[in-house]
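The structure appears below as structure tokens.
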Amino acid sequence: MAHYAFLDENSVVTEIIVGKNEGENGVDWEAHYGSFRGQACKRTSYNTHGGVHSADGTPLRKNYAGIGYTYDLGRDAFIPPQPFPSWILVEETCQWSAPVPMPTDGVYAWDESTTSWVRASA
């Protein structure tokens with residue numbers, strides 16, 4: 001069983017399906033599903049996050065695709081939506097990072113207007 005992401009004309013993920021393993025029955029399933037739907041289709045790994053495979057396998061496309069993620073052809077990666085304009089894309093993981101580290105002494109929320117972490121009230 002493999003997972004496949006369908007992309008719109010802007011390479012944004014519109015849907016994810018469960019399908020055949022790539023190469024099963026000698027078929028290129030990315031091409032098959034894409035042709036069937038008339039959309040670009042890319043395989044995605046449920047076990048890949050931040051360029052690491054959770055079961056010690058080979059990571060695929062940096063991150064498991066999600067609705068609204070963008071597929072970047074040059075990086076061959078799925079990139080989640082940028083949570084805030086000030087956040088920076090980490091190339092190695094294709095994940096977004098705040099411009100300053102989050103404190104570890106409590107619960108914080110990001111405040112984009114001050115580009116800082118603010119302690120969440122209890």
Side-chain angles (χ1 to χ4, degrees):
M1 162 176 55
H3 295 87
Y4 295 87
F6 289 102
L7 312 175
D8 70 10
E9 63 279 356
N10 297 311
S11 296
V12 175
V13 176
T14 60
E15 184 179 1
I16 299 165
I17 65 164
V18 177
K20 301 274 189 176
N21 288 325
E22 194 63 25
E24 189 174 322
N25 300 328
V27 175
D28 176 346
W29 291 105
E30 278 186 0
H32 172 79
Y33 293 131
S35 175
F36 180 78
R37 292 285 296 274
Q39 279 184 282
C41 179
K42 296 290 181 184
R43 190 165 57 97
T44 185
S45 172
Y46 187 77
N47 295 311
T48 300
H49 179 77
V52 176
H53 192 281
S54 63
D56 294 326
T58 303
L60 179 66
R61 298 187 168 130
K62 299 288 186 180
N63 296 293
Y64 179 69
I67 304 288
Y69 280 42
T70 300
Y71 174 71
D72 185 296
L73 179 64
R75 293 179 176 99
D76 190 27
F78 288 106
I79 301 173
Q82 186 176 15
F84 299 97
S86 65
W87 285 35
I88 303 155
L89 184 67
V90 178
E91 286 294 328
E92 297 80 30
T93 63
C94 287
Q95 293 283 311
W96 296 98
S97 179
V100 295
M102 183 173 67
T104 58
D105 64 341
V107 178
Y108 288 82
W110 182 253
D111 182 351
E112 183 65 14
S113 67
T114 62
T115 61
S116 64
W117 294 100
V118 177
R119 187 181 287 273
S121 58

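Position 1 is the first residue of the sequence; numbering continues from there.
By the 4.5 Å heavy-atom criterion applied to side chains, Arg43 and Trp29 are not counted as neighbours. Annotation: side chain of Tyr64 is not in contact with side chain of Ser45 (no heavy-atom distance under 4.5 Å). Looking at Asp111 and Phe84, their side chains never come closer than 4.5 Å, going by heavy atoms from C-beta outward. Side chains of Trp110 and Pro83 form no contact here, defined as non-hydrogen atoms less than 4.5 Å apart. Looking at heavy atoms from C-beta onward, Cys94 lies out of side-chain contact with Asp72 at the 4.5 angstrom threshold. Counting only heavy atoms from C-beta outward, the side chains of Lys62 and Arg75 never approach each other to under 4.5 Å. Residues Ile16 and Phe6 form no side-chain contact, since every pair of their non-hydrogen atoms from C-beta on lies 4.5 Å or further apart.
Under the side-chain hydrogen bond (donor to acceptor under 3.5 Å, both in side chains) criterion, Thr70 pairs with no residue, sequence neighbours left out. Applying the side-chain hydrogen bond (donor to acceptor under 3.5 Å, both in side chains) test to Arg119 and every residue at least two apart in sequence or in another chain returns Asp105, Tyr108.
A donor-acceptor pair under 3.5 Å is absent between the side-chain atoms of Thr14 and the main chain of Asp8, judged by distance alone.
The two atoms that bring Val13 and Ala65 nearest to each other are CG2-CB, 4.1 Å, heavy atoms only. In this structure, Ser97 and Val90 approach most closely via the heavy-atom pair CB-CG2, 3.7 Å. Minimum heavy-atom separation, Tyr33 to Gly19: OH-CA, 3.3 Å. Heavy-atom minimum distance, Thr44 versus Asn63: OG1-O, 3.7 Å. Minimum interatomic distance between Asn21 and Ala2 (heavy atoms only, all atoms of both residues): OD1-N, 3.5 Å.
In the hydrophobic clustering of this structure, Val107 does not group with Trp117; members are Ile, Leu, Val, Met, Phe, Trp, Tyr whose side-chain heavy atoms approach within less than 4.5 Å, directly or through other members. By the criterion of side-chain heavy atoms lying less than 4.5 angstrom apart, applied directly or through intervening Ile, Leu, Val, Met, Phe, Trp or Tyr residues, Leu73 is grouped together with Leu7 in one hydrophobic cluster. Val27 and Ile17 fall within a single hydrophobic cluster, where Ile, Leu, Val, Met, Phe, Trp and Tyr are joined by side-chain heavy atoms under 4.5 Å apart, directly or via other members. Using a 4.5 Å cut-off between side-chain heavy atoms of Ile, Leu, Val, Met, Phe, Trp and Tyr, with links allowed through other members, Met102 and Trp96 fall into the same hydrophobic cluster.
Taking CD1 of Ile79 as the start and CZ of Arg61 as the end, the distance is 13.0 Å to the nearest 0.5 Å.
Between Tyr4 and the choices His32, Glu15, Lys20, Glu22, the side-chain hydrogen bond (donor to acceptor under 3.5 Å, both in side chains) rule is met once, by Glu22.
Phe78 and Tyr69 have their aromatic ring centers separated by at least 6.0 angstrom.
Atom CG of Asp56 has 12 or fewer neighbouring heavy atoms from other residues, nucleotides or ligands inside a 6.0 Å radius. Heavy atoms from other residues, nucleotides or ligands lying under 6.0 Å from NE2 of His49 number 12 at most.
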